[in-house]
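Computed over heavy atoms, backbone and side chain alike; hydrogens, waters and symmetry mates excluded. Lettering follows sequence order; numbering is per chain, from 1.
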Amino acid sequence: MPQELPKAYEPGEIEKRWAEFWTHEKLFSVPTPPPGDRRPVFTLLLPPPNVTGRLHMGHMLNQTQMDIIVRWHRMRAFITLWLPGTDHAGIATQMMVEKQLEKEGKKRRELGREKFIERVWEWKREYGGAILDQMKRLGASVDWDREYFTMDENLSRAVREVFVRLYEEGLIYRGSYIVNWCPWHETAISDLEVKHEEVQGKLWGIRYPVVGSNGFITVATTRPETMLGDAAIAVNAKDERYTYLHGKKVLLPLMNREIPIITDELAQPEFGTGAVKVTPAHDPDDFEAGKRHNLPQINVMDEHAHMNVNAGPYAGLDRFEARKRVLHDLREQGFLVSEKDYTLAIGKCDRCGTIIEPRLSEQWFVKIQPLADRAKEAVESGEITIVPDNYRQIYLNWMNNIHDWCVSRQLWWGHRIPAWTCADRNCEEVIVARETPGKCPKCGGKVEQVSDVLDTWFSSGLLPFTTLGWPEKTRDQEVFYPTTTLITAYEILFFWVARMIMFGCHFMRGHHQDPAIKRASGWAEKKNDSVPFRQVYIHALVRDAERQKMSKTKGNVVDPLDVINRFGTDATRFTLAAMAAPGTDIAFSESRTGGYRAFANKIWNAARFMFMNVDRIEPGLRPSGAAGGGCPQAGIAGFKAATLEDRWILSRFNRVTADVNDALETFRFHEAANRIYDFFWGEFCDWYLELIKPRLNTEFGDRARIACSNLVSLFDASLRLLHPIMPFITEEIWQALWEGEAPAKSIALASYPQADEKQFDLAAETEIAILRDLIVSVRNLRAELKVEPKRKIPIEVFAHEAQIEKLIEENRSAVERLAHVDKITFVQNSLAKLPGSRSTARFDVHIIHERKIDVTAECERLRKELDRLERGIANADRQLGDEQFLAKAPAQIVENLRKQQHEFGVLKDKTLSKMREIGCG
RNA sequence: AGGCCCGUAGCUCAGUUGGUCCAGAGCGCUUCCUUGACACGGAAGAGGUCGAUGGUUCGAAUCCAUUCGGGCCUACCA
């Protein structure tokens with residue numbers, strides 16, 4: 001046992017040491033359980049951080065919560081697998097390496113695809129692991145032996161398999177459609193990757209001359225440059241204002257091209273002039289309209305969003321420069337009829353902020369409806385539960401309005417689409433295959449692989465089964481699929497969670513989890529094992545102290561590693577847990593973290609106190625009755641409840657244990673954390689330790705030995721209770737407590753406390769509450785009467801019942817010590833009216849002290865007290881006089897109210913008599 | 001345009017299905033204490049009509065409606 005623990009807790013060295021120990025000893029590695037293993041299983045997939053990622057507060061919160069849940073299950077003897085890995089993050093990683101090249105004065109295209117990808121792998125080898133190293137620092141108890149990377153060969157093979165199967169099932173198609181195009185990245189992106197922003201723009205009115213008349217038709221647009229690609233003007237068939245123009249043509253200004261006037265639902269009579277320009281190559285609605293009317297798709301921009309040859313005189317201009325010129329020319333030529341302010345929502349690229357251009361291009365799509373239907377059903381039927389509940393509805397709403405998913409990206413880094421096209425211009429056959437085809441199966445010509453790669457979320461959506469060996473059927477899948485829980489942020493509910501559900505339900509259809517394991521794990525009643533997880537917990541967003549979203553541009557990002565360096569990982573974890581009430585965002589406050597570092601310090605010093613006593617009383621003492629090896633164990637087995645305070649703390653421990661287990665079951669991390677905090681500090685340290693000090697100091701054996709042994713057993717159990725939240729300090733003290741003879745290699749593998757109802761003791765809790773009241777009352781009086789702190793004073797006590805007098809008598813020395821009293825005298829009459837007294841419904845206490853009380857202050861206090869009591873009595877009278885209340889309220893409530901009414905009555909009388917006595921006005 | 005969340009002490013937040021919480025915690029603040037686990041400590045204290053209004057109920061911080069204030073997300077309206 002360490003004789004000399006430092007006085008103050010220094011987390012840095014301790015945390016580093018244990019983090020290394022845990023990974024080095026492979027404590028959290030989970031070999032595949034053999035057939036016949038019937039233990040319960042808990043599986044959790046780490047939402048893979050980007051390889052380019054740096055740890056931020058969101059990760060830290062996410063990982064803290066996951067680690068708490070994981071450690072809690074592991075300590076309750078579940079086979080607990082937490083699977084870590086990283087995501088290749090197509091766009092982000094490619095950008096990172098491009099920037100690196102830029103510094104060397106090189107460009108991606110100069111290097112060529114193959115060389116470039118080599119460079120990315122190099123970069124990945126060099127810097128890719130950073131975030132996982134940071135995770136180790138947090139103590140994340142993941143299985144490092146199973147670490148994956150989404151571009152690993154086995155996962156890549158699975159991606160190809162999925163793509164080919166979906167294609168064969170008709171769920172993937174290729175075609176020319178309008179997609180969100182980022183001109184900066186030069187790639188298509190999905191709807192989800194577009195962020196909408198309200199901006200002040202303009203709405204311009206442009207008039208088009210009607211061919212064969214002197215008339216005009218006026219349309220409105222926010223993007224005038226696209227008029228260069230107009231293919232028609234649409235009016236609504238029901239709009240009588242334009243009936244006379246049906247079948248006519250207009251002359252497209254600037255381009256001098258004739259285009260038809262068509263009738264289409266696209267034009268809504270209420271909006272603007274009721275006439276709308278149709279530009280099929282530059283707007284999704286117009287695209288659809290164009291198809292309905294067989295209009296040409298005139299693309300006037302290239303992949304950089306510069307105008308192309310189709311834009312005639314504007315060719316070569318950037319889109320915004322072109323807009324200026326078009327407007328200028330329209331104005332000069334008299335076609336621009338109006339210009340007004342207009343707020344519009346423009347789409348920007350999520351990553352670079354460039355304004356998205358709707359662009360007509362050849363892309364690959366996943367036909368989403370059949371997948372979405374099953375994914376919706378999995379949640380509606382309760383096969384997957386989403387916590388908090390309101391996210392369930394958000395998920396379903398999204399599923400109901402889902403669009404086909406554009407999965408191709410014009411990038412180099414990623415899973416290349418397993419599709420080839422015949423190089424022969426006359427053939428152009430498309431082949432989708434698992435392996436590179438030798439030649440075109442149709443014409444025998446040479447084939448070229450499609451250059452696009454897949455959306456990064458395509459591969460991450462497969463992880464729940466691909467990390468378990470899919471497409472092979474493996475024992476890992478039987479045991480660990482469906483994964484149990486997913487803990488993640490709302491931000492990726494659609495990007496990732498929804499896609500996992502769609503893919504999981506589709507590709508794992510017909511899968512069955514090992515029935516014995518499923519039953520043992522508590523999922524017997526769930527019918528469907530194709531789902532990727534049984535439950536999803538969506539955690540909050542971490543904001544800064546001012547509730548602002550953290551962002552690099554605002555410069556308000558709190559670096560978790562910086563916080564950890566100052567306060568310790570345990571304190572940071574505890575902060576996040578304690579603030580993580582489900583459904584509400586966290587405003588991260590460092591003062592709070594400071595408070596929890598103090599808590600760690602408190603634990604540390606309580607441990608020093610314990611060790612000091614063990615060394616003195618019984619060196620080599622171990623916690624008694626502790627079960628190792630993660631067997632669940634109720635209560636504290638070896639605890640000998642010899643005294644009132646022993647019975648009390650044992651009861652309290654069991655109640656807190658029940659609450660903590662209950663809270664963790666439903667992801668109420670804050671409640672678990674606060675319960676332990678209040679117990680350890682407010683009850684264990686403030687009262688229990690103080691109460692047992694005299695016993696520890698007795699020179700004669702048994703009393704001290706029992707006290708010491710109880711202390712050690714209680715401490716052991718408390719450490720285990722706290723361990724999931726504060727893994728490091730608990731490991732440090734626990735290992736010291738067992739001095740190399742622990743029942744497990746680590747506290748992480750010891751058993752988690754369970755409540756034992758037999759150890760609940762309501763009587764002890766009530767009695768300690770009375771003694772605490774008495775002690776606090778005396779301290780209170782001392783402070784008010786300004787008794788010098790060092791001076792012991794005599795008190796008188798009047799107890800309402802003999803039992804209470806007996807209780808105080810039996811605990812006389814504790815009262816004397818903790819209230820700094822030198823003599824207790826029991827009297828048989830109320831002391832309530834005496835100055836320098838305090839009353840409760842059970843006793844009056846009076847301190848004998850010559851100092852005059854401050855009458856004004858005392859009267860004011862009494863008036864407040866009286867006021868409080870009278871309000872309480874009035875309330876109770878009103879309710880108890882109400883027949884409806886008596887008839888409808890539960891008996892327990894009525895009884896408690898009666899009791900309260902009585903107690904308040906007693907106290908009111910006491911207060912009044914005292915006020916008369918001191919002469920309050 | 002639709003949807004969601006929040007508004008409780010100076011600050012940051014708890015308060016699970018309405019009653020035993022007419023309200024708790026941490027930080028901050030005031031007074032006192034360096035008593036051998038801990039000043040990252042101990043003791044005592046001040047501080048809130050739970051955004052506003054109306055309703056449901058025997059009973060509301062907790063449910064409903066309206067309203068004000070703050071935040072967020074989804075959306076192809078020129």
Side-chain angles (χ1 to χ4, degrees), chain A residues 5 7-9 178 191 196 203 219-223 234 266-268 271-273 275-279 283-288 344-345 347 358 390-391 393-394 397-398 401 403 490-491 494 541 543 545-549 567 571 575 578-579 581-592 594-613 662-663 666 668 670-671 674 677-678 682 685-686 689-690 693 776 779-784 786 788-790 820 868 871-872 875 878-879 882-890 892-897 899-900:
Chain A
L5 288 179
K7 195 167 165 182
Y9 175 59
I178 300 271
D191 292 348
H196 292 269
L203 186 66
V219 298
T221 180
T222 54
R223 295 190 301 152
L266 180 68
Q268 292 169 26
F271 190 91
T273 59
V276 59
K277 65 199 256 323
V278 184
T279 321
D283 182 279
D285 287 333
D286 294 11
F287 175 80
E288 292 299 326
L344 63 157
N390 58 305
Y391 290 112
Q393 200 52 50
I394 294 175
N397 286 346
W398 188 75
N401 297 304
H403 297 99
Y490 170 68
E491 293 170 294
F494 306 130
L541 213 64
R543 299 165 178 281
E546 275 74 49
R547 305 209 114 266
Q548 297 289 112
K549 207 166 168 174
F567 300 103
T575 309
M579 299 185 82
T584 38
D585 287 348
I586 294 173
F588 189 81
S589 97
E590 291 191 356
S591 68
R592 199 82 185 249
Y596 294 125
R597 179 187 52 185
F599 178 54
N601 188 59
K602 188 77 182 174
I603 295 169
W604 185 253
N605 278 290
R608 288 178 64 225
F609 175 75
M610 169 181 66
F611 288 134
M612 196 183 82
N613 281 288
D662 193 47
T666 47
R668 276 142 46 215
H670 69 299
E671 202 177 304
N674 288 325
Y677 180 95
D678 291 341
C685 289
D686 286 351
L689 289 184
E690 292 306 325
K693 276 179 182 172
V776 169
R779 285 173 177 170
N780 212 312
L781 288 166
R782 293 178 59 106
E784 251 159 47
K786 303 212 168 20
E788 305 83 88
K790 281 178 186 157
H820 229 63
R868 186 182 72 87
R871 265 182 298 147
N875 180 50
R878 187 171 50 74
Q879 291 201 65
D882 186 334
E883 280 175 34
Q884 297 260 41
F885 171 74
L886 296 174
K888 289 182 182 173
Q892 189 57 238
I893 300 296
V894 178
E895 198 201 322
N896 281 329
L897 196 63
K899 209 185 285 172
Q900 194 195 44

Using atom P in both nucleotides, what's the gap between B:G15 and B:C77 to the nearest angstrom? 37 Å
Considering residues at least two apart in sequence or located in another chain, which fulfil the salt bridge (charged side-chain N to carboxylate O under 4.0 Å, His left out) criterion with A:Lys786? none
On RNA chain B, does the nearest nucleotide to A:Phe494 precede the nearest nucleotide to A:Tyr596 from the 5' side, or the other way round? Give the residue. A:Tyr596
Of all residues at least two apart in sequence or in a different chain, which pass the salt bridge (charged side-chain N to carboxylate O under 4.0 Å, His left out) check with A:Glu671? A:Arg668
Integer-rounded Å distance: B:G24 C1' and A:Tyr677 OH: 13 Å
If you compare all heavy atoms of A:Ala8 against all heavy atoms of A:Asn601, which two are closest, and at what distance to 0.1 Å? CA-OD1, 3.7 Å
Select base, sugar-phosphate, or nothing to describe what A:Ala275 touches, counting heavy atoms under 4.0 Å on all strands. nothing
Say we look at B:A14 and B:G54: how far apart would their P atoms be, to the nearest angstrom? 28 Å
What base-paired stems does RNA chain B take part in, with at least 3 consecutive Watson-Crick or G-U wobble pairs and both distances under 3.5 Å? B:1-7 with B:68-74, B:10-13 with B:24-27, B:29-33 with B:41-45, B:51-55 with B:63-67
Can you give me the closest heavy-atom contact between A:Pro789 and A:His820, atom names plus distance? O-CD2, 3.3 Å
Nearest-Å distance, CZ (A:Phe287) to C1' (B:C77)? 18 Å
Phosphate oxygens OP1/OP2 of B:C73: is one of them under 4.0 Å from a side-chain N or O of A:His196? no
Where protein sits on nucleotides 39-47 of chain B, one letter per nucleotide: B base, S sugar-phosphate only, - none, heavy atoms under 4.0 Å: SBSSSSS-S
With rounding to whole Å, what would you report as the distance between B:U8 and B:C13 at their P atoms? 9 Å
How many Å lie between OH on A:Tyr391 and P on B:C5, as a whole number? 9 Å
Where along nucleotides 30-35 of chain B does protein come under 4.0 Å, by heavy atom, of base (B) or sugar-phosphate alone (S), with - for untouched nucleotides? --SSS-
With a non-hydrogen cut-off below 4.0 angstrom, is A:Leu886 in contact with a base, only sugar-phosphate, or nothing? nothing
When the C1' atoms of B:G3 and B:A25 are compared, how many Å lie between them, rounded to an integer? 33 Å
So how far is it from A:Thr279 OG1 to A:Asp285 CG, rounded to the nearest 0.5 Å? 11.0 Å
Could you tell me whether a side-chain N or O of A:Asn896 sits under 3.5 Å from a main-chain N or O of A:Gln892, the two making a donor and an acceptor? yes
Need one value for A:Leu203: base, sugar-phosphate or nothing, where a base atom within 4.0 Å counts as base even if backbone is also close, heavy atoms only. nothing
Please report the distance separating the P of B:G18 from the corresponding atom of B:C64, rounded so that it comes out in whole Å. 11 Å
Heavy atoms of A:Tyr596 and A:Thr575 approach each other most closely as CD1-OG1, 3.5 Å
When every non-hydrogen atom of A:Arg223 is compared with those of A:Pro358, the smallest separation belongs to NH1-CD, 3.4 Å
Rounded to whole Å, the CE-C1' distance (A:Met610 to B:C38) equals 14 Å
Please find the pair of heavy atoms, one from A:Val276 and one from A:Ala267, that lie closest to each other, and give the distance. CG1-CB, 3.7 Å
Please state the C1' separation for the pair B:U12 and B:G70 - nearest whole angstrom. 16 Å
What's the CD-P distance between A:Gln884 and B:C58, to the nearest Å? 5 Å
Give A:Glu788 one of three labels, base, sugar-phosphate or nothing, depending on what nucleic acid heavy atoms sit under 4.0 Å from its own. nothing
Using whole Å, report how far CG of A:Asp191 lies from P of B:C73. 17 Å
Taking A:Asn605 for the side chain and A:Arg608 for the main chain, is one N or O donor matched with an acceptor at less than 3.5 Å? no
Heavy-atom neighbours of A:Glu883 CD exceed 12 at 6.0 Å: no
Looking for any heavy atom pair under 4.0 Å, which part of the strands does A:Gln268 touch: base, sugar-phosphate only, or nothing? base
Can you tell me how far apart CG (A:Asn875) and CG (A:Leu897) are? Round to the nearest 0.5 Å. 6.5 Å
A:Glu288 CD - B:C76 P separation (whole Å): 13 Å
If you find the nucleotide of RNA chain B closest to A:Asn605 and the one closest to A:Ile394, which residue's nucleotide is nearer the 5' end? A:Ile394
Closest to the A:Arg592 side chain, choosing from B:C58, B:U12, B:A37: B:U12
One should read off an interatomic distance between A:Gln879 CD and A:Gln900 CD, to the nearest 0.5 angstrom, of 9.5 Å
For nucleotides 14-21 of chain B, read 5' to 3', which letter fits each nucleotide if B means a protein heavy atom sits under 4.0 Å from the base, S means only the sugar-phosphate is that close, and - means neither? SS---BB-
Starting at CD of A:Glu491 and ending at P of B:C73, how long is that distance when rounded to a whole Å? 9 Å
Using the C1' atom in both, what is the distance from B:G47 to B:G42, to the nearest Å? 22 Å
In terms of heavy-atom contacts, A:Lys277 and A:Thr221 come closest through CD-CB, 3.9 Å
What distance do A:Arg597 atom CZ and A:Tyr9 atom OH have between them, rounded to the nearest 0.5 Å? 11.5 Å
Sticking with atom C1', work out how far B:U53 lies from B:G69, rounded to a whole angstrom. 15 Å
Could you tell me how the ring of A:Phe599 sits relative to the ring of A:Tyr677: parallel (under 30°), tilted (30 to 60°) or perpendicular (over 60°)? tilted
